[in-house]
Amino acid sequence: MKRRVEALLRRSVEAAHAAGELSTATLPEGSVEVPRERQHGDVACNAAMALARSERKAPRAIAEILLRRIEDPGGWIRESSIAGPGFLNLRLSPRFWHEEAAALREDPALGVRPIGQGRLVQVEFVSANPTGPLTVGHGRNAVLGDTLARLLEGTWHRVEREYYFNNAGRQMKVLAASVRARYLELLGRPSEFPEDGYQGDYIRDVARGLVERHGEGLVEHEGNAFRDAAEEAIFADIRATQDRLGVRFDRYFNEDSLYASGAIERVLERLAEQGLSEHRDGAIWLKAERVGLEKDRVLVKSTGEPAYRLPDVAYHLDKLARGYDAIVDVLGADHIAEHQEVVAAISALGHEVAPIRPVIYQFVTLTRNGEQVKMSTRRAEYVTLDELLDEVGSDAARFFFLTRKSDSHLEFDLELAKKREADNPVFYVQYAHARIFNLFAQAEAAGAVAAATHAGAEAFAPLVEEEEIDLVRRLAGYGEVVEIAARELEPHRLVFWLQELAATLHRFYNRHRVLGDEDPARVGARLALLDLVRRTIAAGLGLLGVTAPERM
RNA sequence: GCGCCCGUGGUGAAACGGAUAUCACGAGGGUCUCCGGAACCCUAAGUCCCAGUUCGAUUCUGGGCGGGCGCACCA
C-alpha cells in the first residue's frame, strides 16, 4: 500500500526536479508513513520538512510544489492537504482500496515481500541442558525461537534451527552421580546423594529403568552407563515436549563433538598465540584488557576442566565458519554476560561478529487469578512445560508467550489462557477465523458464493462502507508488519496486529449483514473481503505456530 | 559497589527525531441484541525526575531515581 503511494510521490519529486523547482530528484528515505492520527489521512509525507534545509525553502512551500507535481492517473487520491509545519496528507479513494484488495487476493503471500532474498539464517534456541525436563522458561525460549524461524522463513530467508546440546562437562557428571545414587538406593545399598545433585523424580525413573534392565550389575560400574541412560531418557523427554509445542530442529549440535574434533584445543592455541589468554593459579584465563571485558574470566579450571564459555567460543566459531548471513541466539536474561564474553573473545580473535544477533528474553512468572504460582528451581519445585501444556494447550501457550516483547517480563495468566471468551486474546483471534468459516458454510448452502463473478478491482467495487474500507486498509498493512517483525526479530508485533484485525472484523460484522442482501454483487464483494480476512488470519497465526480452527 | 537491559494512563503495548502521544484490555456512564459467544458511543486517566543537543525529544547524550539480570575455577 505504502509503496504504491511512495511511487507517486517519488515521481512528483522527479517532476519538480525536472521543472527546476527542486534541486534534489529523490524522495527522502522513510518519509512516507501511515499516520497514527486518522484525521491526518491514510498516508502522510514529511519530505517537505526533511528537505527544507538542503533546499533552502520553507517546508510548506516545498509541500506545495510536491502537491502540485503529483500526477494521479489512477484516481487514487481522494483528498490532499498540507498541514502543520509541512506535512503532506493524502486521503485515498475507495478505488485505490479496491485495487489494493484485488492485489492481495491474487497474492499468495498477502503482501509480504521476499526481503530475505534467500539469505541463510541460523536460529539457535532452547539449548537447555539435558539434566531435567523443560520448564516454563524454556517454553518461552522455544516458542520465541521457533516463531522467529517461521517469520524468517515467511520472508524468504533460508533458516536452520539448531539446538546446542550441552552433553559434556560437570553438569553431566553430577547428573550421572545423581542417577547412580538413586540406583544404589533402590537396591537398598549405601549411597551418598551428591550435594548439588538433581532432586527431581525423573532421576528415580531413570534409575528404576537401570535396575530393571541390569539388576545389580551396575553396582561396581565405572563407565558411562548412568550418564548415558540419563541423557537418553531426558533427551527423549525434551523432544516429546517440543513436539507438543510444534517445535522441531534441523540439527542438534553436541557439545562433546567439540572435544572430539579438537576444536577446543585449537581455540586455546589461538587465544594463547595472540596473547589473549594466560596461565595463572593453575588455570587458563581470558585476559579482560585484551578483549575488552571488565574482569578476567576462566577458560580452563585448575582441575583441567574447561569452563562453560570455552566450548561456547568454539561452538560460535564453528557457526561463523559455516557462513551464515545471520546467526540468531535466543537467550535468557541470565546468559547475557556470558554471551558477551564469548562475542568479545571471538571479536578479539579477529572475526567479524556482526552477523551474531542475540535475542534476549526475560523471565516468566505464572499467575492464577492474580496470585503468583510459586516456582523455585531448587528442590525441583518448578512447573514443567509439559504441565503447562496439559493445562492450557499448545495454541494458548504459544500465543501467550508472544504477547509481550521478549525483553519484558511476562506474567502468564493460566486462567485467562483457558477462557473461551473474548478477553482471551487467542480465543478472540481464532474465533474471528472460525466465524468467517461458518459464514461461508452458510453462504455456500444459500448459493451465494457463486454470485461473486467479477474479477480484479471490480469485484470489490461495491465496498463503500467505512467498516469495509477499514478492513481493506488493515489487510493492506499485513505485509509490512510481518516484514518488520522479521527484520527486528519481534514476533509480538504480529500478535498485536492480529488482535487488531480481529477487532476490525468483529466491528464490521456486527454493523453489516453479509447474507440476505438483495444486491448479489455486494454479497460477493463482502464474501471476497471476508475470505481475504480469513486467509490473512490463518497465515498470521501460522507464522506464530498457532492453529486457525474452522469451528470451536 | 560495578556492568547490561528496561521505565509511556490501572495493565500490556505503539510511535525512521515530527502534527493535539496511538491502540487494546480494564474502570465509570449510555446504546444495541441481528450470520456463533458480539459490537458501538461517551468519560476519566500516561511519556519516572533534572539538565543538554535540536526548528522540534517518548525516541539521542549526561546525571539522578526505580525495577530486572549478571558480577563463580556453575552452566
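The sequence lines fix the lettering, A, B, ..., with proteins before strands; numbering per chain opens at 1.
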Would you mind telling me which of [options] lies closest to the side-chain atoms of [X]?
X         : options                : result
Ala283(A) : C73(B), G68(B), A39(B) : C73(B)
Glu500(A) : A24(B), C23(B), C34(B) : C23(B)
Val514(A) : G37(B), C35(B), A72(B) : C35(B)
His409(A) : G37(B), G68(B), A13(B) : G68(B)

Fill in: Check: Tyr315(A) ring centroid to Phe253(A) ring centroid under 6.0 Å
yes
Worksheet item: Can you check whether Phe401(A) and Phe412(A) have ring centres sitting under 6.0 Å from each other?
Response: yes
What's [X] touching, base or sugar-phosphate or nothing? Going by heavy atoms closer than 4.0 Å.
X         : answer
Asp281(A) : base
Asp296(A) : nothing
Tyr428(A) : sugar-phosphate
Ala44(A)  : base
His339(A) : nothing
His335(A) : base
Arg309(A) : nothing
Ala83(A)  : base
Gln171(A) : sugar-phosphate
Asn438(A) : base
Phe363(A) : sugar-phosphate
Ala434(A) : base

Check this for me: does any side-chain nitrogen of one of [X] and [Y] sit under 4.0 Å from a carboxylate oxygen of the other?
X         : Y         : answer
Arg507(A) : Glu467(A) : no
Asp329(A) : Lys319(A) : yes
Arg170(A) : Glu305(A) : no
Lys405(A) : Glu490(A) : no
Glu488(A) : Arg493(A) : no
Lys419(A) : Glu415(A) : no
Glu338(A) : Arg309(A) : no

For [N] versus [M], give the span between their [atom1] atoms, rounded off to a whole number of Å.
N      : M      : atom1 : answer
U58(B) : G7(B)  : P     : 14 Å
C41(B) : C32(B) : P     : 15 Å
A19(B) : C25(B) : C1'   : 28 Å
U47(B) : C65(B) : C1'   : 16 Å
A39(B) : C35(B) : P     : 15 Å
G18(B) : G1(B)  : P     : 36 Å

Fill in: Pairwise 5' ranking along RNA chain B for Leu439(A) and Thr403(A), keeping only the more 5' one
Thr403(A)
Discussion item. Here's a test of your reading of the structure: between Asn89(A) and Arg551(A), which maps to the more 5' nucleotide of RNA chain B?
Written reply: Asn89(A)
Looking only at side-chain N and O atoms, does [X] come under 4.0 Å of OP1 or OP2 in [N]?
X         : N      : answer
Arg493(A) : C23(B) : no
Lys295(A) : A72(B) : yes
Tyr509(A) : G37(B) : no

Worksheet item: Quick one: which of Leu541(A), Val429(A), Leu402(A) gives a side chain to side chain contact (heavy atoms under 4.5 Å, CB included) with Val495(A)?
Response: Leu402(A)
Would you tabulate the nitrogen or oxygen pairs shorter than 3.5 Å linking the protein to nucleotides 2-7 of chain B?
{"residue": "C2(B)", "atom": "O2'", "partner": "Glu294(A)", "partner atom": "OE1", "Å": "3.3"}
{"residue": "C5(B)", "atom": "O2'", "partner": "Asp407(A)", "partner atom": "OD1", "Å": "3.2"}
{"residue": "C5(B)", "atom": "O2'", "partner": "Asp407(A)", "partner atom": "OD2", "Å": "2.8"}

Worksheet item: Under the criteria of a ring-centre distance below 5.5 Å and an interplanar angle below 30°, is Phe496(A) stacked with the base of A13(B)?
Response: no
Report the base-pairing partner of [N] (Watson-Crick or G-U wobble, both distances below 3.5 angstrom), or none.
N      : answer
A39(B) : U31(B)
G66(B) : C6(B)
C23(B) : G12(B)
A51(B) : U61(B)

Practice prompt. Measure from the side-chain N and O atoms of Asn89(A) to the backbone N and O of Ser80(A), and report whether any donor-acceptor pair falls under 3.5 Å.
Written response: no
Provide, to the nearest angstrom, the distance between the [atom1] atom belonging to [X] and the [atom2] atom belonging to [N].
X         : N      : atom1 : atom2 : result
Ile360(A) : G70(B) : CD1   : C1'   : 11 Å
Leu88(A)  : G18(B) : CG    : C1'   : 15 Å
Glu411(A) : C25(B) : CD    : C1'   : 15 Å
Leu331(A) : G70(B) : CG    : C1'   : 13 Å
Arg60(A)  : G56(B) : CZ    : P     : 19 Å
Glu255(A) : A75(B) : CD    : P     : 9 Å
Phe87(A)  : A19(B) : CZ    : P     : 6 Å
Asn424(A) : G12(B) : CG    : C1'   : 15 Å

Fill in: Flag if over 12 foreign heavy atoms under 6.0 Å of CZ, Arg280(A)
yes
Worksheet item: Quick one: salt bridge (charged side-chain N to carboxylate O under 4.0 Å, His left out) partners of Asp470(A), sequence neighbours excluded?
Response: Arg38(A), Arg473(A)
Worksheet item: Say you draw a straight line from CG of Asn46(A) to CG of Leu88(A); how long is it, rounded to the nearest 0.5 Å?
Response: 10.0 Å
Just the table, please: protein N/O against nucleotides 57-60 of chain B N/O, every pair under 3.5 Å.
none

Worksheet item: Can you find a donor-acceptor pair, distance only, under 3.5 Å between Asp196(A) side chain and A75(B) base?
Response: no
